[in-house]
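The sequence lines fix the lettering, A, B, ..., with proteins before strands; numbering per chain opens at 1. Everything numeric here is computed off the predicted structure, so don't read it as measured data.
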2 protein chains.
Amino acid sequence: MRPLFHPAIDDVRPEAILHALADPSRAAIFAKIMQAGCVEACSAVSAVGDRVIPKSSLSNHFKVLREAGLIRSERHGVEVRNHSRWIEVEARFPGLLAGIINAYALDQRHDLRAAETPTLDKDAI
Amino acid sequence: MRPLFHPAIDDVRPEAILHALADPSRAAIFAKIMQAGCVEACSAVSAVGDRVIPKSSLSNHFKVLREAGLIRSERHGVEVRNHSRWIEVEARFPGLLAGIINAYALDQRHDLRAAETPTLDKDAI
DNA sequence: GCCCATAGTTCGGAACTTCGGAACTAATGG
DNA sequence: CCATTAGTTCCGAAGTTCCGAACTATGGGC
């Protein structure tokens, strides 16, 4: 098993971060890692929302987050623990992660409200 | 020619915005539209950096930005004018766009510095 | 009206990415 | 040393992106 690769914070690119978090499952995983005291075994995230994510896809999601510079993964025996690199990323790109995580949180609340009130679709322009 | 589709601001999803701006060319186009008094014909962005972008790819980039809810495009005779929807998007997802545009700006300055000082690669962990 | 130029869009195929099941490896406990 | 648990790798199917060529739409000149 190849050792886990982590980019130096100076090699972290905004496009990689956006690409990583443009996937709602990955954004949810990342948000969870941050809340959960910055540590989380991969298997602790077997589902996102109501959707079950297969092992191989999960493994890939963690790889994308890791290589984007968003998380740091360490093998501890048979499992991998993931820490968010929030502080480093925030120092390099202030406000970026907060804006993204907040946007997803707002979007979710919005969806809930919409589900309660049966809506009449209306078009822009 | 099909009329240009614009999502209502309430239908704008964070993942679509991140996906649109995860491409550096698109992020550059969007940044340019914002600076340039919020109006820009497609053809005015024939190149990004030193790279020439073919017409068909450009057309597609504008479509992605439009459908993500980031810009509003209006046909004016033979050309299309693009306005940024910054104000609406900012109201819905405060800080999101500022964080992203700022991150790309910081990254670019960082690259310039790195090019001046010949570096010694160093690995993380 | 008819032709031309300009500005964008659509089509379609090649190259690339993502997804997920099956097979694999690595550490640990009995 | 076998079984179990945790995660990775492989690989084919499905989907996405890129870009050249062909197309459409608008406006101007005659």
Would you mind reading off the distance between [X] atom [atom1] and [N] atom [atom2], rounded to a whole angstrom?
| X | N | atom1 | atom2 | value |
| --- | --- | --- | --- | --- |
| B:Lys63 | C:dC11 | NZ | C1' | 12 Å |
| A:Asn60 | C:dG21 | CG | C1' | 14 Å |
| A:Leu4 | D:dA6 | CG | P | 17 Å |
| B:Asp23 | D:dC19 | CG | P | 10 Å |
| A:Glu79 | C:dT25 | CD | P | 22 Å |
| A:Leu58 | C:dT18 | CG | P | 16 Å |
| B:Arg81 | C:dA7 | CZ | P | 13 Å |
| B:Ile29 | C:dG8 | CD1 | P | 12 Å |

Any carboxylate oxygen within less than 4.0 angstrom of a Lys/Arg side-chain nitrogen, looking at A:Arg85 and A:Glu90?
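The answer is no: the pair does not qualify as a salt bridge.
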Under 3.5 Å, is there a donor-acceptor pair between the side chain of [X] and the main chain of [Y]?
| X | Y | result |
| --- | --- | --- |
| A:Arg66 | A:Arg72 | no |
| A:Arg26 | A:Leu65 | no |
| A:His6 | A:Ser73 | yes |

Would you tell me if any nitrogen or oxygen in the side chain of [X] comes within less than 4.0 Å of OP1 or OP2 on [N]?
| X | N | value |
| --- | --- | --- |
| B:Ser59 | C:dG8 | no |
| A:Ser57 | C:dC19 | no |
| A:Arg66 | D:dG7 | no |

Need one value for A:Arg26: base, sugar-phosphate or nothing, where a base atom within 4.0 Å counts as base even if backbone is also close, heavy atoms only.
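Result for A:Arg26 = nothing.
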What nucleic acid atoms does A:His76 come within less than 4.0 Å of, heavy atoms only: base, sugar-phosphate, or nothing?
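Here A:His76 touches no strand at all.
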Step by step, work out the side chain to side chain contact (heavy atoms under 4.5 Å, CB included) result for B:Val80 and B:Phe62.
CA-CA 10 Å; B:Val80 173; B:Phe62 278 96; over 6 Å; no
Quick one: the side chain of A:Ser56 and the base of C:dG21, do they pair up donor-acceptor inside 3.5 Å?
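Between C:dG21 and A:Ser56, which were checked side chain against base, a qualifying N/O pair under 3.5 Å is present.
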Which nucleotide in [options] has an atom nearest any side-chain atom of [X]:
| X | options | answer |
| --- | --- | --- |
| A:His19 | C:dC19, D:dG20, C:dT18 | C:dT18 |
| A:Val78 | D:dT8, D:dT5, D:dC19 | D:dT5 |
| B:Lys55 | D:dT8, C:dT9, D:dC19 | C:dT9 |

